[in-house]
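The structure appears below as structure tokens.
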Amino acid sequence: MTEKKIGAFICRCGGNISDYVDVEQVRKEIAREDNVTVAGINMFSCSDASQEDMIANIRENGLDGIVIASCSPKLHLNTFRAMAERAGLNPYQYIQVNIREQCSWAHTHNKDAATRKAVSLVREGVAKAKLSEPLTPIELTAQPSVMVIGAGLAGMRAALALGEMGVTVYLVEAAPEPGGSIKGRKSLFPDNSSGHELVESLLERIRANGNIVLYTSAEILEKTGSVGNFTIRIQVDGKNETTLSVGAVIVSTGSGSYRPTDGEFGFGLSCVLTLNQYIDMLDSSTDTFLLNGRKIRNIAYIYCVGSRRTGKEGNRYCSRYCCSAAVHTAVRTHEVDPSIGQFHFYRDIRTYGAYEELYHEALKKGSVFLKYGLKDPPQVTEVSGSGLRIRAKDLLTGAETVELETDLVVLVTGMVPGENSQLIDILKLPVGKEGFFNEIHPKLRPVETVMDGIYIAGACQGPKTLSESVVSGMAAVAKSASLVLTGKVNLDPFVARVLTEKCTGCGECISSCPYGAISMKETPDGTVVEITESLCKGEGACVAICNEEALEIKGYGHNMIKAMIEALGG
Amino acid sequence: MIVDVKSTVLPKILVFSTDSISDPGIDLAGASHMDYSTGAMVISVPCSSGIHPGWILHALKNGFDGVFIAADGTDCPFLEDCTARTGNIVAAAQALLKENGIDPMRLKMAAICSVCSESFVSHVEKFNSVLLKLEA
Amino acid sequence: MAISREHILALLAQNLENRGSVMPVRQKLLTRWADGLGLPKGGKTILYTGHMYQIMPFIRAMAAKNKKMDGSWLEKYAGFATVVNRIVNIVNLLSMGASSDDIQFYNDILRNIVTILGRHGIKPGYLYEDELYAGALAYDLGLDSVFERHARAVHDLLRRCGAELIITVDPHTTQMFRLVYPEVLDNFDIKVKSYLEVLAGSEREIKGEEPERSIVVHDSCVYSRYLDMVDEPRRLLAGKGFKIVEPLFSGRLTHCCGGPVESLFPEKAREIAEKRLESLPEGTKDVATMCPICLFNLKEAAEERVHTADIASYLL
Amino acid sequence: MESAVTLADMGFDVALVEKEASIGGKMILLSKVFPTLDCSSCISTPKMAAVANHPRITLFTYSNVKSVKRDAHGFRVRVVSRNSYVDPQKCTGCSQCETVCTVARPDQFNDGMIARRAIYIPFPQSVPKKAVIEKKGLSPCSQACPAGIRAHGIVSLARAGKFREAAKRHLEDSPFPAALSCLCYAPCENRCTKGKTKKGAPIPIKGVSSLMANGYYGSNDQVAIKTAPDAPEKRVAVMDAGPAGLSAAYHLALNGYEVTVFTKDSAPGGILAEGVPEAGLSRELVAREIDNVIGAGVIIDTDTSMTPEEAGRRGFAAALAPVPWNPDLVMDPVVKDGIVTYPELVDRPYLLAHAIGWGRRAAVMVQALVEKRNSEDALVLVPALKREKIPAKDPHYTVATKLSEENVQEAVSGCLDCGVCSECRQCVEVCPGGAIDLAMKPSTCEIDTDSVVLATGFRLFDPARKPLLGYSRYPNVITAMQMDRLLAPTRPYNALLRPSDGKIPGNIAFVLCTGSRDVNAGNPRCSRICCMYSIKQAQLIMGALPISEVTIYYIDIRAFGKGYDEFFQQAEGMGTHFVKGKVVRVEEVKDQNLRVHFEDMEGKGGLRQANHDLVVLSVGAISNPGIVKVLGDDRVEQDELSYIREVDGTVEPGRTSVDGIFVAGAASGPKDIPDSVVHAGAASAQAASYLIRTGALK
Amino acid sequence: MIRVNGEFRQRARLDKNFNAGQCFNCGTCTALCPVGMAILPRQLFRYVLLGAEEKIVEYSDSIYSCLLCRMCEENCPEGVLIAENIRALRRYLVEDVYHI
């Protein structure tokens, strides 16, 4: 590669560089470097005129590598890569050297030293350019289809959205019926919509859409392939197996519900129910609202059952939806029978955002809220003849003990992760410490997982209200659609590669890769590792642990880095 | 005429920064005109967990007096355990340096985020004085 | 406590029921302020004092006596107070000895109000001895049934004299007529305006001659928060050339003077008045009140520290 | 940003319009974010870069949407880019302009806690990193000057101690700084807004100018005024050596003309040379000012009579000559039949500035005529000022009181910077890229689009609306946004200090639900974010100041998101005090410390007070409904709190009442960052689905 | 110890002027009350909501200490008509306890 022709251009940045760095000196020094065919100075490299000059220069001199020493690559790397491309050069053979933010501006008091540093930096750039090779982004084709696992509301809505975009969707549900946890619900918060009707209307639209195939009582058996091209084998009704190929997968398997332990706040006594059990009762009651044939006078709710615990029992996290669900249920109860007294033993009422209006409604209709502390939780005991007695310290009334005779105790229980061990195993889904599926980053990439092409939506990711589940389902639609609609996946070319001659096949690197991109390969010359480029993220965790220097990231090769070090250190 | 670099007493520090996290922090130091040693020079890589220990040895054998890893820390866009992994690299590199008779003090690591300009400058200055002492 | 609350309540109820006022002082003392003003009796537009200003001197006297009552016969026979009261007007007994200076002071305020109204061309009528207490205290203390009966009597009186517009002089009477009567009575439709509203709405502008004198406004809780009357007094004072200084708590966020609990918890009332005085801006000299209770209570508490006077005195 | 990138990734072309000069919203200004304490900037900047570099995204920053109108194809969106006076193509973001700018403004990106300049780059990580100038027309003083002097520029330069630059700035507009500062009746001071405020006196502009002019002539330091590079080879004769004529000659010369002034007199200057009492303006100074004219390249031919005809014969392209007073002349110069006229200022000699201004405008007219016409037609006449003795007692001639430099500094520090940019042109001179153009016009463009996504976010509640909390009355009561800035690495004071005295606060209170869950504040809902950001700040404070006490006063702690309650427990574990009871009143006590009043429900009970040295108001989120107004006939429905209503909050997130218009993020209701980002994803899915249904995807 | 007395609760709820049930316990009213009594007015209402009739009698002093100045009401974030609620309690005392 000694015959490589490199052009180096030093930018004055209208004085921002040239006031503190002797650019002419830098140019002279660089012009003496091997392979440097052209060394020039620009007033503003980023200006159109300078770019045109450089393009002409590249073409006239047949340059196959250029270095521009100017500002931070964060500002103009893409500008100049595009310029290189216009000049017919591979954009990855363009090297930017930062002599503004990391040289002239940092060393305004010592022009000599700054100039020396600039020379070193440009030499480093030239060294890099010498060894730079043309790279092309990895392009994968993507199947125009998506599998949605879990036909709860989030999954159904996501499937519908994709179907309406013309994407083929396989909606796979483990239960015999779609609809998830809400299909039997009469009235959902916050707007009292009927769960049954919601599910039915969505199902109707799904059936009317020709792009969606619904599998119920279905099980995922196996997944192979990677982003854009997954092959997934499923089994329906325990017998029929089907193999489907999809570009992306959305997992929306929902959550489970916390089951109190026996005796936890009286759980196990006949009139102690979980919130879901109580809502079932409310949903199934007709005009008269009776408990064991008796009119209900008082109901007590105990909040945060199984949530926000610090000890061994229950979960540490807040289950987010339960406060709103419970106050909504109380409002419904008030509407059924205004004479029922409803007492809520809570810790913090978390009816965030507009759900606050539900809380207000419950208060207005006569619900009384008592605040308990973890030190003195409510005690539920059975009273012969008259039902239940609940006793607690109310922190809002000077921590006085309040005793209440009640007919019913409702334990407001939260969400827990669903039982998904098989799915986790097959899809290699990342699971957080609470057992919910984990996104890559809650803010940057909230529905993506470390497995490219596999997205999560709804309560399988963590407790969510119904509308929040749908929102995340739709967000997953957006991400998967951008994958399958364009039909291709473009990945940065900076992925790992194996220098097979150095690889000893020790396999140390396999476990170091968090993305599962490295595997063993048998070759006639022995066992070496290989990289699945579509899985590799190019961060280089494997590079660091390979003692043989048999792994490197393209564009950051061992030889290149060492040459750069020598150029800088020399 | 360029003065021969070797004749100056300024320690040469190789800084490994990362493209999306610490490099912008170092840029910010310059953009704020915070002065630091001209002996500090930066090579940017995708992630600090991908720095090969051999490079560190190579740098200390090829003209550098110290290597500073401006690590991603908890802000790493790739790995949750980036800090731990980078720590392992430092440990491996220090072992390597010992083998080669180089003082492990010549390697230093700190998490630098995209706005950690002040902290970068103070790390470099501190490291600089450590290196000066080692020379003496 | 000198007389138990229970008995005071009963006494007040009795008085309102039987004597038409919670503070049944002699009729002559209530109307004396209007002597010589030549106000016509009755008419379509009536100035309604509600006795509030007039009774302040007697409350002061009673409070002083009540304090000294330890060991007196009344305490011993407190339980019989209501029985005695049926025959002997205890209040009258207690309030004897109101100072004539005090009487003059409060009467002057009312006379000032009439003078100011006159300057704006407003000459209202007055009910003289027929005028009844509006019932605020009974209402506030929860004596609702007594209050309702009394309100009906007041309404009848007003209808009999054909009043169309009542001009009130204090916030409590204004509140009763404007907010409470229409609520309690079925067909109360007489217009009610505070004299401050009447003045603020008057087209005739009386220019001020008090340039740049600073004055701190102490809003009445009832005017500001019940009746949303914050602007009017300020406009009037500014019109007179006063420089208005707002205390930390002013307008809708005014701080109570403590007066409302004077009759039951005089120490508490004093304590609250003290807090109010502390919250006034540093260097306060003149304070304008617009309610006789505020005036009475702040004046008592402030003694000579600041000069407290009714807004009517400033507007004169 | 999330919506834009997601839609662009799907293959749609996206135009992103942002009113500020940088994208990034509120998040980029935060220090760290809950519950992971990630650095906010580290999360935001990659996304900002992705937006800026995406081939399918066109970015309009510093721009406002003026209207959205539905047409046969979709929507036509009118976008007005606010005038930045900086060519973004040429600006390299080097900040040199910021260092020389003479006008300071409260920095909106630091919640007004510190100042930025009138020309500014929003913040270090801004995208794009380009400067913009905040300019609100011309300041009244500059506007008032008949001679066209940028009085505000002179004042702001003087404030910066740059008297030499001020003199130069004056000389760009007129050659008579001393004469004007001495003789002008100073309409600028008359118009000064400061003088119109209750107790303010106007800025003594005349006095400032006088100090500037005398200082300039006192030093022997001559400034060079730039002349036009390509001088047209045209000659102009000026037959008046008075202020108007010399002013015209000066400006023509600066624009590259070859100018000769002819006068019958033995010395140039007209009224200046003969009519002014020396006590006011010394002959020496007059001579210096005439030297300015000569220095610009004007030839002065004294003791010479000249007529326009003669000038024409001698090959002058144009001639200016005085016109006698004529009562029919109107007050403004007019150009008619190739002749520029305006009245001679009989009896009003103090209108010197007008004469100078008219001379300058006459020069502009001459140029226009010369360039348009044949030389022999271009005859332009300018009247001279009447030469009579100026009465020394004329009230308009009160010579400016002599001010010392300190006096001037004190006086000019009160300048209100009415027009913001003072046009002192320091930035223009320093900009290496020549990017600044004060004559730039705002640009408007129309975009045809198939769908619109509204992502206008939220505003923060203004705590001044709760007077009992003392915000804006007590310096040490700040908002949480200000606290976040104090904690950010790019923070204003470079340390966590309290505003009143720069002390390190040792005992900090957070007041939750300021403007949330409050019918009285017009916001009955919970803002969702305040509990968590307060807990975050508490943790950061305790990290930065380990000995400090932090107390959070709350009604309910709403730590409901993934990992949030654990974060709350962690703060408790670190020693943050949580007190159940809303703070309703803050009063200032000794040393500008603060006493908060609250009901201590879980503690001793009843009313309690506690002292703190800094109080942070955790202000709630309110709607930002401005965008709805520009939607015209396609106005989307709003809810009771003016947030954009989603027609079906359960199954149709992001869909508004208008087909084709979608809402993303906190514009539909307050949301924390993860919820906003996910919601933006959902809105993109809705928009994409709509675009595909309506056949817009190519 | 408070034993919830359903009958007393029911009476309070039926009084159209008693709307303290809306209170979400922020403490604004207590913190602003010029009288400065610990239980005034929020905790007083809690006794009613919990049906603690004996507490109402016990705290009748506080009930009569209220100035009805509405400082609390003006600032109540939930729109509770506090002065009216106090009057309702006084009415209760007058009629059911003192029998006036």
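Per chain, numbering begins at 1; letters A, B, ... match sequence-line order. Every heavy atom of this structure was used, including side-chain atoms; hydrogens, water molecules and symmetry mates were not.
The two atoms that bring B:Ile89 and A:Ala544 nearest to each other are CD1-CB, 3.4 Å, heavy atoms only. Pairing each heavy atom of B:Ser49 with each of A:Glu539, the nearest pair is OG-CG, 4.0 Å.
Put simply, the side chain of A:Arg116 never gets that close to the backbone of B:Thr38: no donor and acceptor are under 3.5 Å apart. No donor-acceptor distance shorter than 3.5 angstrom exists from the side chain of B:His52 to the backbone of A:Leu551, with no hydrogens or angles considered. A distance-only check finds no donor-acceptor pair linking the side chain of A:Lys117 to the backbone of B:Ser37 [under 3.5 Å].
Of the inter-residue distances, the one linking A:Ile561 atom CD1 with B:Ile43 atom CD1 reads 5.5 Å to the nearest 0.5 angstrom. The distance from the CD1 atom of B:Ile13 to the CG atom of A:Leu568 is 13.0 Å, given to the nearest 0.5 Å. Taken from CZ in B:Arg85 to CD1 in A:Ile545, the straight-line distance is 9.0 Å, to the nearest 0.5 Å. Considering CE of B:Met41 and CG of A:Asn98, their distance stands at 13.5 Å, rounded to 0.5 Å. Here the NE2 atom belonging to A:His441 is positioned 9.5 Å from the CD atom belonging to B:Glu80, to the nearest 0.5 angstrom.
In this structure the side chain of A:Gln102 reaches within 4.5 angstrom of the side chain of B:Asp23, judged on heavy atoms. Looking only at side-chain heavy atoms (C-beta outward), B:Tyr36 and A:His107 come within less than 4.5 Å of each other. Side-chain contact check for B:Pro46 versus A:Phe494: every heavy-atom pair is 4.5 Å or farther apart. Residues A:Tyr515 and B:Leu79 have side chains in contact (heavy-atom distance under 4.5 Å, counting atoms from C-beta outward). Contact of the A:Glu101 side chain with the B:Ile26 side chain is not registered, since no non-hydrogen atoms from C-beta on lie closer than 4.5 Å.
Neither the backbone nor the side chain of B:Asp72 comes within contact range of chain A; no heavy atoms are under 4.5 Å apart. For A:Ser512, the parts sitting under 4.5 Å from any heavy atom of chain B are the backbone and the side chain alike. Heavy atoms closer than 4.5 Å to chain B are found in the side chain of A:Glu124, but not in its backbone. For A:His109, the parts lying near chain B are the backbone and the side chain together; criterion is any non-hydrogen pair under 4.5 Å. Interface remark: B:Ala31 contributes backbone and side-chain atoms alike to the contact with chain A (heavy atom separation under 4.5 Å).
Heavy-atom contacts from other residues, nucleotides or ligands closer than 6.0 Å to CD of A:Glu434 number more than 12.
Ranked by heavy-atom pairs under 4.5 Å with chain B, the list A:Gly538, A:Ser104, A:Ala106 is led by A:Ala106.
Scanning residues 68-81 of chain A against chain B with a 4.5 Å heavy-atom cutoff picks out A:Ser72, A:Lys74, ordered by number. Among the residues in residues 96-109 of chain B, none has a non-hydrogen atom closer than 4.5 angstrom to a non-hydrogen atom of chain A.
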